[in-house]
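Comments concern the structure below.
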Amino acid sequence: VPENYLRVNATGVKEEDFVFILGYRGRTFRHYPASYLEYQRDHLLPITSETYDWLIDAIDRLGATDPDARIRLSSRQKSLANVTKNYKGKIQGLRRVDIIGEKRMQEVELQKLTVPGGAFSHRAGVVRSLDSLYALLAKDAPLKLWLNNLQQNSPTFSMAMARAEARRLWVKGNEPGSDSLRKLLVSNVLKQNERLRTGYEPKLDTAFLRFMMRAPAQWAAQHRSAAVESFWRQNRIAEQSDVVVGLWYSNGLPFDAENVIAVLNSKPERGLQPKGSLDALADVMVLEAQALSAREKAINAQLSALLPQYLEMKLALEGDEFVPDANSTLRLTYGHVRRYQPTDGEVQTPFTHLSGMSAKARAALGDVDLESDYAMYGPLQERMQSDRSTDSIPVAFLYNLDTTGGNSGSPVMNARGELVGVNFDRAFTATINDFAWNEQYSRSIGVDIRFVLWMVDDVAGAGYLIKEMGVVR
């Protein structure tokens, strides 16, 4: 038996009980300026969320007629759903709570510190400079995020970009003399080829490209690129996106095994030869990506110098009330098991119970056969039906602790330091915690220790583990 360990309290907690968490929480955006939160609110969060929502719906449509594709894409869909849920929660939080307005008010006070003769007169212009830099990032945001989403979610586009980069260096009279550079480019092309071979879903990729080709025509004038505008006009992409995508696919995959062999045999003029409109677009976008990267690198260099100065001023202004951001070091957060009202007329009580778990699972999974598809479901259901007193066993509970990414798996303890649950998520409204904690909306979710003990003992039949820990139920 270990000399020190967390003792388990099998009676759990009740509403308004004190609880606390020790965990290695990750970084947040709480000490970033208002202009950065505006960049998130206006660009990063909505653009990414809308793109992922479209992909999630497209996978649903594909899976409705192709059960095998639904299985192949299920992990990817869940990953997309996890991100878009987080982003939507943040968007909602920024609308409900005037975090940006509060930051702007604080920045007015920060700038008062920089007046001539003030303690931070040498920091005059820091806030204005940060605003200007984030405005430059916002100007490039639609194009940058569009490119990122295409490369992350379209194997064919990623391959076209890899080919275009190699073609730019090799085919256009600029063959690199460095063997290491040649090997790096070949490795990148082969990596994208493997991605095509293992993760390519033709119907999904075709539909996604078609969807994405409509976006640039909707960008406001200040976000447009002259090179992209010219290519769009010449190829009439906005009006004929379906036709253009069809042309891209008329030649099959943009990089087949024969071309890979050609590259490996050091015949880039053959293996990298453009194969249609997709390669033509990639030739334009590689140059755009290079220009974007150069601008972003220059901006980030300035931000790296300015953000510590901004933080130094915040520390001086807030004094003892300043809370350093988490950085994956051990942090304590405490509060109470507490209900909340996420929307008008809706009150979430702090506990869910076993009686509702099956109904929720069926509602979420639709026509999935729980008994045959989930090995644990049969024994679980059998045990529940044989003892109706299990209906009241708490499964999960809410508390108003300040948790962020990195707190998943942290022990939830009562006032005596006994284990009463395991933290695993934030409520939808609590993704705002990355920007600021809020009593009204910040609720985290833990699995109740009483459910864990019941699963170990009554369902899995491993009661000997509970006895070994000396837990009395």
Side-chain angles (χ1 to χ4, degrees), residues 16-38 40-41 90 93-94 96-131 134 303-338 340 398-407 410-417 423 426-427 429-444 446:
E16 289 301 319
D17 274 359
F18 175 89
V19 287
F20 70 97
I21 281 177
L22 283 168
Y24 295 88
R25 52 189 283 168
R27 295 175 59 189
T28 70
F29 306 114
R30 296 185 183 185
H31 295 313
Y32 277 66
S35 50
Y36 176 72
L37 268 62
E38 289 169 344
Q40 288 240 346
R41 180 196 64 192
K90 288 175 179 171
L94 289 172
R96 288 177 164 182
V97 183
D98 191 18
I99 298 171
I100 294 175
E102 292 170 3
K103 278 187 172 288
R104 285 294 182 199
M105 290 175 63
Q106 184 184 60
E107 287 171 359
V108 170
E109 297 303 312
L110 290 178
Q111 292 186 80
K112 291 179 181 178
L113 298 177
T114 68
V115 297
F120 288 89
S121 57
H122 58 301
R123 300 298 188 213
V126 166
V127 173
R128 289 190 297 274
S129 295
L130 287 169
D131 287 347
Y134 283 117
L303 288 174
S304 295
L306 289 168
L307 287 171
Q309 298 174 25
Y310 179 86
L311 193 61
E312 182 185 12
M313 293 161 62
K314 277 197 68 176
L315 176 59
L317 181 68
E318 295 179 8
D320 292 341
E321 295 182 0
F322 180 84
V323 179
D325 194 21
N327 56 1
S328 299
T329 53
L330 188 63
R331 299 296 176 97
L332 166 72
T333 176
Y334 59 89
H336 297 84
V337 178
R338 184 167 291 170
Y340 80 125
L398 294 170
Y399 33 86
N400 66 347
L401 275 59
D402 185 1
T403 67
T404 64
N407 275 129
S410 296
V412 184
M413 292 167 276
N414 63 15
R416 292 181 295 277
N423 185 74
R426 285 174 280 174
T429 57
T431 54
I432 195 178
N433 284 6
D434 286 349
F435 301 136
W437 179 86
N438 180 272
E439 166 62 30
Q440 185 175 357
Y441 297 119
S442 294
R443 293 295 183 276
S444 299

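These figures come from a predicted structure and were not determined experimentally.
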Heavy atoms of other groups near Tyr334 OH, more than 12 under 6.0 Å | no
For Gly23 and Ser410, which heavy atoms make the closest approach, and how far apart are they?
-> CA-OG, 3.4 Å
Sorted by chain and number, sequence neighbours left out, side-chain hydrogen bond (donor to acceptor under 3.5 Å, both in side chains) with Ser444 holds for Thr403
Look up atom OH in Tyr32 and atom CG in Leu307, then write down how far apart they are to the nearest 0.5 Å.
-> 6.0 Å
Among pairs that include at least one residue of residues 96-118, which meet ring-ring contact (aromatic ring centres under 6.0 Å, His included), considering only residues two or more places apart or in two chains?
-> none
What is the distance from atom CG of Asn433 to atom NZ of Lys90, rounded to the nearest 0.5 Å?
-> 10.0 Å
Spacing of Phe120 atom CZ and Glu312 atom CD [to the nearest 0.5 Å] = 4.5 Å
Are any of the side-chain nitrogens in Arg331 or Asp402 under 4.0 Å away from the carboxylate oxygens of its partner?
-> no
Got a sec, which residues hit side-chain contact (heavy atoms from CB on, under 4.5 Å) with Asp131, two or more places apart in sequence or on another chain?
-> Ser35, Arg104, Val127
Verify side chain to side chain contact (heavy atoms under 4.5 Å, CB included) between Thr429 and Tyr340, making sure each step is shown before the conclusion.
-> CA-CA 10 Å; Thr429 57; Tyr340 80 125; 3.3 Å; yes
Shortest non-hydrogen separation from Pro33 to Tyr134 and the atoms involved = CG-CE1, 3.6 Å
With sequence neighbours left out, what residues match Tyr310 under ring pair (Phe, Tyr, Trp, His ring centres under 6.0 Å)?
-> none
Closest heavy-atom contact between Ser442 and Ala430?
-> CA-CB, 3.9 Å
Apply the side chain to side chain contact (heavy atoms under 4.5 Å, CB included) test between Leu332 and each candidate in Ile21, Leu22, Leu401; give the one that qualifies.
-> Leu22
Sub-4.5 Å side-chain heavy-atom contact between Phe435 and Gln40 = yes
How long is the span from the CE atom in Met413 to the CZ atom in Phe18, to the nearest 0.5 Å?
-> 10.0 Å
Per salt bridge (charged side-chain N to carboxylate O under 4.0 Å, His left out), Asp434 is matched among Arg426, Arg30, Arg25 by Arg426
Can you tell if the side chain of Gln309 reaches within under 4.5 Å of the side chain of Leu306, non-hydrogen atoms only?
-> yes
Measure the CD-CZ distance between Glu439 and Arg338 for me, rounded to the nearest 0.5 Å.
-> 5.0 Å
May I ask you to test the Arg443-Asn400 pair for a side-chain heavy-atom distance under 4.5 Å?
-> yes
What distance do Ile432 atom CD1 and Thr404 atom OG1 have between them, rounded to the nearest 0.5 Å?
-> 14.0 Å
Do you know the tightest heavy-atom contact between Asn327 and Arg27?
-> CA-CG, 4.1 Å
Below 4.5 Å, heavy atoms only, C-beta onward: do Leu303 and Leu130 meet side chain to side chain?
-> yes
Could you pull out all donor-acceptor pairs under 3.5 Å where a side-chain atom in residues 108-116 meets a protein atom, sequence neighbours excluded?
{"residue": "Glu109", "atom": "OE2", "partner": "Lys112", "partner atom": "NZ", "Å": "3.1"}
{"residue": "Gln111", "atom": "OE1", "partner": "Arg128", "partner atom": "NH1", "Å": "3.2"}
{"residue": "Thr114", "atom": "OG1", "partner": "Gln111", "partner atom": "O", "Å": "2.7"}

Determine whether Tyr399 and Asn423 make a side-chain contact, defined as any pair of heavy atoms from C-beta on separated by less than 4.5 Å.
-> yes
By side-chain contact (heavy atoms from CB on, under 4.5 Å), Leu311 pairs with (sequence neighbours left out) His31, Phe322
